[in-house]
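Atom set for the values below is all heavy atoms of this structure, side chains included, hydrogens, waters and symmetry mates excluded. This is a predicted model, so every value here is computed, not measured. Proteins come first, then strands; the chains are lettered A, B, ... in the order of their sequence lines, and each starts at number 1.
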Amino acid sequence: MKIWLIKRLGLFLITAIGMSILSFLVLRLVPGDPVQLLIGERGAAPEIYAKLRQNLGLDRPLLEQYFLFVKNFLSGDLGISIVSQRPVWQEFMDRFPATLELSAFSLLWSLPLGLCLGILAAFKNGTWLDTSTMSISLVGYSMPIFWWGLILIMIFSVRLGWTPVSGRIALMYDPATVTGFYLIDTLISGEGFRSALVHLILPAFVLGTIPLATVSRITRSSLIEVLGEEYIKALKARGFSSKYILFVHALRNAFIPILTTIGVLVGSLLTGAILTETLFSWPGIGRWFVQSVTSRDYPVVQSGILLLGLMITFINLIVDSLYGVVNPRLRAR
Amino acid sequence: MKQKALFYISGFVIAVVVLVAIAAPLIAPQDPYQVFEGQLMVAPLSGAGVNGAPTFILGSDDLGRDLLSRLIYGAQNSLMIGALSTLFSLLIGGLLGLVCGYWGGSVDFVIMRLMDLLLSIPSTLLAILVVAILGPSLTNTIIAVGVVSLPFFVRVTRAQVMNEKVKDYVQASRTMGGGLVHVLSWTLFPNVWPPLLVQATLSVSDGILNAAALGFLGLGAQPPTPEWGVMLSDGRSFLESAWWLVTLPGICLLATVLCLNLFGDGLRDLLDPKARKAR
């Protein structure tokens with residue numbers, strides 16, 4: 001277990017270094033002069049040009065630039081956003097709770113439901129219940145979620161008027177930031193909870209669609225595989241109830257691929273939020289990132305990619321370490 | 001039996017979409033870029049006669065262009081992106097995988113860590129990263145989407161090559177004096193391609209979806225190019241007044257992607273009977 005953990009940490013380190021190089025290269029790989037691109041076609045005075053170049057650190061040798069970038073990153077200095085002139089780290093922290101709240105809420109409904117549907121489909125393998133669950137899951141899996149969101153907005157926001165079209169809360173409320181989660185902050189401040197909730201429902205539903213489809217699919221397939229094993233037959237032969245077999249034996253052994261999928265999902269949620277946030281004008285990091293790419297805000301793009309990438313790799317590391325908890329056989333290795 | 005039916009139906013739908021895309025100039029009723037003045041957001045099946053404008057079978061968009069023609073040319077663009085990006089990652093990924101699997105060692109280690117790196121960045125983010133470097137356009141969309149599916153091809157090819165290269169027939173080919181190129185292309189390749197074909201089908205559907213997402217975000221194909229993602233993004237402002245502008249491009253997108261996924265699944269069952277039991 002210890003050796004295994006060290007090995008994993010080593011791989012994490014290699015990936016982290018690779019990511020830092022990759023995000024460092026973004027600004028340098030842009031064809032042409034990034035400073036010129038920032039200034040635009042009208043040009044600027046040479047002093048301003050030189051200053052901008054210096055601010056981005058582009059006037060030093062490449063290797064020195066890289067080490068400076070890593071050093072600054074590790075000490076928490078992610079650079080200054082060109083668009084807002086505020087530190088990138090501050091901009092990130094302003095928006096991160098919004099993305100976290102949206103992701104958490106979408107997992108809150110889609111994971112349990114996906115698991116239940118998958119178990120049910122595997123248990124009733126071959127019946128109409130199985131077929132219909134899997135058909136829905138297949139459609140959900142192929143669904144362009146930005147379109148799915150548009151359709152839901154058209155029905156529930158525009159036609160029925162049940163939910164707001166966009167944003168995170170009605171303009172009249174401005175809850176004092178305690179946790180950054182509006183659902184909690186509005187409860188503390190005592191007003192606007194309803195508004196925050198109805199703003200959250202539709203985006204969370206859209207963002208949870210793909211996790212729902214993926215989780216139910218993988219749960220079903222890995223459970224069906226386990227249920228076909230010899231030891232399950234042996235348990236049946238000994239007269240154990242099918243519920244006991246399912247929950248105590250089969251599910252636990254089927255859980256590794258499910259856990260892996262969930263790990264990948266949590267990572268992709270953070271960026272899957274890119275489309276959902278853009279669609280619903282949700283003030284999170286996904287939308288911020290797209291805006292930064294569009295407006296060529298390179299410091300944000302550079303640090304943002306590294307920050308997101310590291311977070312996702314870290315989540316996967318945690319998921320990997322959870323394998324041992326779920327499956328004791330892996331602990332011994 | 002039901003699986004087979006789905007396989008054939010999805011294959012048929014894909015064939016139709018491909019035919020429509022190829023024959024776009026012949027069957028599109030209008031030029032997809034032509035603007036008909038005073039014919040803004042005409043509902044489907046109306047708008048005949050006024051100012052010499054034609055009947056818009058599926059309505060017109062916010063600039064007065066024929067939606068059906070734009071959808072047809074959109075199929076052309078989407079399929080082209082899907083096919084070219086898959087070709088890109090199939091060629092490069094296949095080659096890298098072949099090198100990794102056949103030689104192993106430090107080359108293998110370096111390339112595989114690089115692929116792990118690409119895999120650890122979620123697809124949409126990676127595609128946006130590539131676009132951030134190259135700038136948004138149709139060509140760069142193809143590259144971005146191709147880069148996203150590259151690691152999968154490397155992995156599949158590598159695993160397959162590693163499996164096959166130790167078998168007797170490869171040894172025999174080498175003993176009989178087969179050169180490197182001969183062994184790789186004539187002996188190994190025919191036994192490596194079936195899983196690659198499945199991967200390619202799934203990669204086309206992923207490519208189409210990713211490209212549409214980029215288009216939707218304004219980072220892919222640029223207006224006025226008739227591309228499904230771009231059309232959805234354009235139609236967003238008219239949710240209230242023109243339902244067909246958001247509904248129809250999405251249905252085309254969903255149907256194409258769904259059928260490609262079904263077809264890929266069916267293909268896997270056909271080529272790899274072992275996988276049949278598991279799913």
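In terms of non-hydrogen atom pairs under 4.5 Å with chain A, the most contact-rich of B:V130, B:D206, B:L253 is B:L253. For chain B, the option among A:L138, A:V301, A:I153, A:L11 with the highest count of heavy-atom pairs below 4.5 Å is A:L138. Note: A:L150 leads A:V290, A:L150, A:L279, A:T15 in heavy-atom pairs under 4.5 Å with chain B. By number of non-hydrogen pairs under 4.5 angstrom with chain B, the leading residue of A:T278, A:L22, A:I145, A:I151 is A:T278. Most heavy-atom pairs under 4.5 Å with chain A, from the set B:G229, B:A212, B:P136: that is B:A212.
Distance check, rounded to the nearest 0.5 Å: CZ of A:R287 to CG of B:L217 gives 12.0 Å. With values rounded to the nearest 0.5 angstrom, A:Y141 atom OH is found 8.0 Å from B:S205 atom OG. With values rounded to the nearest 0.5 angstrom, B:R236 atom CZ is found 11.0 Å from A:F146 atom CZ. To the nearest 0.5 Å, atoms CG (B:L129) and CD1 (A:I305) are separated by 3.5 Å. Taking OG of A:S142 as the reference point, atom CG of B:L262 lies at 7.0 Å (rounded to 0.5 Å).
If you measure heavy-atom distances from A:L25 to chain B, you find no contacts under 4.5 Å at all. Of the two parts of B:N261, only the side chain, counted from C-beta on, holds a non-hydrogen atom closer than 4.5 Å to a non-hydrogen atom of chain A. With a threshold of 4.5 angstrom between heavy atoms, A:I14 approaches chain B through side-chain atoms but not through N, CA, C or O. In this structure, the portion of A:V158 lying under 4.5 Å from any heavy atom of chain B is its side chain and not its backbone.
Contact annotation: the side chain of B:V257 never approaches that of A:P144 to less than 4.5 Å [non-hydrogen atoms, C-beta and beyond].
At a heavy-atom separation below 4.5 angstrom, chain A is approached by B:L239, B:E240, B:W243, B:V246, B:T247, B:G250, B:I251 within residues 237-251 of chain B. Scanning residues 127-136 of chain A against chain B with a 4.5 Å non-hydrogen threshold yields A:T131, sorted by number.
Heavy-atom neighbours of A:F69 CZ from other residues, nucleotides or ligands within 6.0 Å: above the threshold of 12. By the neighbour-count criterion of 12 heavy atoms within 6.0 Å, atom CZ of B:R65 is densely surrounded, having more than that number from other residues, nucleotides or ligands.
Checked options B:V131, B:I128, B:L219; the residue passing with A:T294 is B:L219 (criterion: side-chain contact (heavy atoms from CB on, under 4.5 Å)).
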Mind running side chain to side chain contact (heavy atoms under 4.5 Å, CB included) on A:F289 and B:L125 for me, showing each step along the way? CA-CA 9 Å; A:F289 196 73; B:L125 189 65; 3.4 Å; yes
